[in-house]
2 protein chains.
Amino acid sequence: MTLAHGRAACEQLDQQDPLAALRDEFILPDGVIYLDGNSLGARPKASLQRAQEVIAQEWGTDLIKSWNKAGWFDLPSTLGNQLAPLIGAQADEVVVTDSTSINLFKAISAALQMQSGDAQRKVIITERSNFPTDIYVAEGITRWLDRGYQIQLIDTPDELPQVINEKTALVMLTHVNYRTGYLHDMRAVTALIHQHGALALWDLAHSAGAVPVELNAAQADFAVGCTYKYLNGGPGAPAFIWVPQRHQAAFQHPLSGWWGHASPFAMQPHFEPTANIRRALCGTQPMVSLALVGCGLDIFGQTTMQAIRKKSLALTDLFIALVESQCAAHPLELVTPRSHQQRGSQASFHHPHAYAIIQALIERGVIGDYREPGIMRFGFTPLYVRYVDVWDAVASLRDILDREDYDLHAKRHAVT
Amino acid sequence: MTLAHGRAACEQLDQQDPLAALRDEFILPDGVIYLDGNSLGARPKASLQRAQEVIAQEWGTDLIKSWNKAGWFDLPSTLGNQLAPLIGAQADEVVVTDSTSINLFKAISAALQMQSGDAQRKVIITERSNFPTDIYVAEGITRWLDRGYQIQLIDTPDELPQVINEKTALVMLTHVNYRTGYLHDMRAVTALIHQHGALALWDLAHSAGAVPVELNAAQADFAVGCTYKYLNGGPGAPAFIWVPQRHQAAFQHPLSGWWGHASPFAMQPHFEPTANIRRALCGTQPMVSLALVGCGLDIFGQTTMQAIRKKSLALTDLFIALVESQCAAHPLELVTPRSHQQRGSQASFHHPHAYAIIQALIERGVIGDYREPGIMRFGFTPLYVRYVDVWDAVASLRDILDREDYDLHAKRHAVT
């Protein structure tokens, strides 16, 4: 690829792209370049028919029989097993259930419980730049337990070696930062955490389906993540939680609902957690939304995370190079690491008028999003984003910047 | 209605039934008499088109714009406001979110927090026969907090006046018992609870949409409930939580996720709960399942809870009378109260071979369900159950019993 060849070179890259055919598995609106799959993944074609099946047949016709016949009750585990290879997990280590926030609550609670034998381990370390809900949930737990637990916020990953010590109970990191796209070295950081006797909880919201993840190989302790971003599970689709076999017996959390019971239908008046990963479940799951997670996962069965990663880096490399060459006259600052080893599947740029520029891009059909403070965020989903999309997105961005064709008073939406 | 007139009299009742037309709002499979709407409500016709709208248009075409444009972010409140009049709540007091178990966790936590100023209030009272997850969640909280909280299980509602005292922090009751159909007098019991300075948490899983509920008139403190039973929201559809205006400022729980934050999109590194009912939210909600809750609620807009209650009592009266007259030769024992004041919208009978008999009924298209120990449970949803259904169901039951046409070795399913 040389930029000198322009759009034609991008077309050629698309023709040679081994993942090109997978774009046909998705529905994308006409005239849209969708660079926001890191916020809400695009819709798999199969999702509409799957929803019809669940609603018309499983619910409408088979009614309560579907708890057995359609596998509703087992679906959190069935989907968890389908997801497992994408994140380096074994069978029976993942369930798809509840929200990421709720699953964080379970994992943090369980980690503190496992560390409670050591009275000095009272510190939870995380990044100030972590997705806020991760910090909020940790705050909820520490305030509630009122046993001297503290949350220590660090400003850069470089601080980790200095701050982790014998007082650290848990280090809780998001594998790929939602804003900057910074990718942690899960294996090295987990080893560092373990050297000091702490536990490692990884939030995979921006890495599951985006970058190769090897939870077991990294000896991670817990993980949670989201299915509605790179996994294309549908708006707000249930999240997941991973507990490795070696920790399952010790995994205890206070959200002890009936789906986590050893005999959920015996209707016993006391809670006894089941022996396996299903102890991470709590209550009844939303079956229509849950079933659609399978449509997204099915597509990953047609490729590998290595192939996805290769294209992801090529797309983000190209985007960064084009922005920096085409828009060099403008005060854009790359906040995503240039190093492949530290980059997720997104590219974020700072600009003083980032919000207005993103709105202008959206009006032209180039969908990225805005994140405080002053960051334009572009996500690249190799399953459906093409090289020409990258070219065209940068052409639009350049035109908007060159012509200052954005409204500095653009109305802020509640959600972008 | 006189039984002497048999099925023809039931047909006449159906012709005179002011709710008869509402049955057309539902899809019910041919040849099925569905008496299990207390487990999973039947499918509203509108649900398929609504799902298509959410999946094809809101997700597929509008993508992330739908968080604003389609009202996704507000949907827990929008649906909560639509549900409010059915349970005697005001606007901005209910959100539809998460599961009943998760919502119980929030409400129990908040109640204990509110009572924490009185060091002697350490007891949570509930019924041994409560739906197990209610007890399990309370156990999870008391064990986790480890501050001397105790759960006291009572065997009959009659014990309440004796056991509630100055040590009681919270009384947590299910308004209509899932097994027996016993209906508590919410107003009187709440008054009793308040006399002793305790708080009253009501689980409306089997009463929302089934019997009139007047949460504010009864001065209840908190309520949770289910949308996939009598409210026909779809399999595992998100549950709801009610916090009256007077308690909202004090309502604190440890599931402090970003959807409950005062400024969820400011991405602040510390949690600050929003001032209103949305502080009962935690993480991102499953939009497809959530949207379908609206289809069930829309149907209630065509009638009143008073009309529903009138037909519900007529149906259960008829069912009980027919079973007791037609099946008098068999060891069936009514476990549901005869008194209208104490009866929900179900009728349960004990029989030594209840499990096998339920399986035989299901094979004949009469769908009730089994609950331990030895209970056949039949739910009556006045929106779609007809008087002739009652007649035909009892005729099938009688035939099965008279001919002993059931298999005592019927295989137990994981879920029924």
Side-chain angles (χ1 to χ4, degrees), chain A residues 27 29 34 36 39-40 43 47-48 51-52 55-56 59-61 63-64 67-68 72-73 99-102 105 128 132-133 135-137 139-141 144 153 234-238 254-258 261 265-271 282-289 292 367 372 413-415, chain B residues 27 29 34 36 39-40 43 47-48 51-52 55-56 59-61 63-64 67-68 72-73 99-102 105 128 132-133 135-137 139-141 144 153 234-238 254-258 261 265-271 282-289 292 367 372 413-415:
Chain A
I27 297 283
Y34 193 58
D36 212 4
S39 178
L40 171 64
R43 170 166 101 72
S47 59
L48 201 55
Q52 282 172 345
I55 295 170
W59 176 17
T61 301
L63 289 157
I64 52 149
W67 287 107
N68 298 301
W72 284 351
F73 187 64
S99 66
T100 304
S101 300
I102 300 283
F105 184 88
R128 190 181 305 279
T133 213
I135 304 172
Y136 300 162
V137 170
E139 285 183 329
I141 292 171
W144 216 257
L153 299 179
L255 290 172
S256 45
W258 68 307
H261 196 281
F265 299 96
M267 305 286 165
Q268 298 298 317
H270 294 293
F271 186 72
C282 180
T284 308
Q285 293 302 299
M287 285 300 147
V288 183
S289 283
L292 300 187
I367 305 188
E372 294 288 354
H413 289 294
V415 192
Chain B
I27 296 284
Y34 194 58
D36 210 5
S39 178
L40 171 63
R43 170 165 101 73
S47 58
L48 201 55
Q52 282 172 346
I55 295 170
W59 176 17
T61 301
L63 290 156
I64 53 148
W67 286 108
N68 298 301
W72 283 351
F73 187 65
S99 66
T100 305
S101 299
I102 300 282
F105 185 88
R128 190 181 304 279
T133 213
I135 303 172
Y136 300 162
V137 170
E139 285 183 329
I141 293 171
W144 186 58
L153 300 179
L255 291 171
S256 45
W258 69 306
H261 196 280
F265 298 96
M267 305 286 165
Q268 298 298 316
H270 294 292
F271 186 73
C282 180
T284 309
Q285 293 302 298
M287 284 301 147
V288 184
S289 283
L292 300 187
I367 305 188
E372 295 286 356
H413 290 294
V415 193

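The sequence lines fix the lettering, A, B, ..., with proteins before strands; numbering per chain opens at 1. Computed from heavy atoms alone, side chains included, the values below leave out hydrogens, waters and symmetry copies.
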Best-contacting candidate, B:I141, B:I367, B:V137, B:I27, against chain A by heavy atom pairs under 4.5 angstrom: B:V137
Derivation of the side chain to side chain contact (heavy atoms under 4.5 Å, CB included) call for A:L40 and B:W59: CA-CA 9 Å; A:L40 171 64; B:W59 176 17; 4.0 Å; yes
Whether A:F105 and B:F105 hold their rings parallel, tilted or perpendicular, with breakpoints at 30° and 60°: perpendicular
Between CG on residue A:L292 and OG on residue B:S289, distance to nearest 0.5 Å: 8.0 Å
Interface residue of largest heavy-atom contact number with chain A, from B:P286, B:G283, B:P254, B:S47, under 4.5 Å: B:P254
Atom pair CD1/OG of B:I135 and A:S256 - distance to nearest 0.5 Å: 11.5 Å
Chain A contact via B:L63 - side chain, backbone, both or neither, heavy atoms under 4.5 Å: both
Portion of A:T100 that has a non-hydrogen atom of chain B nearer than 4.5 angstrom: neither
Any side-chain heavy-atom pair of B:Y34 and A:I64 under 4.5 Å: yes
Region of A:Q285 that comes under 4.5 Å of a non-hydrogen atom in chain B: backbone
B:Y136 side chain to A:C282 backbone, donor-acceptor under 3.5 Å: no
Distance in Å, B:H270 NE2 paired with A:L153 CG, rounded so as to fall on 0.5 Å steps: 5.5 Å
Within-4.5 Å side-chain heavy-atom neighbours: A:S99 and B:T284: no
Choice from B:A237, B:G60, B:A266 maximising heavy atom contacts with chain A below 4.5 Å: B:G60
Taking every non-hydrogen atom, the tightest pair across B:Q268 and A:P132: O-CB, 3.6 Å
Euclidean distance, A:H261 NE2 relative to B:T133 OG1, rounded to 0.5 Å: 9.5 Å
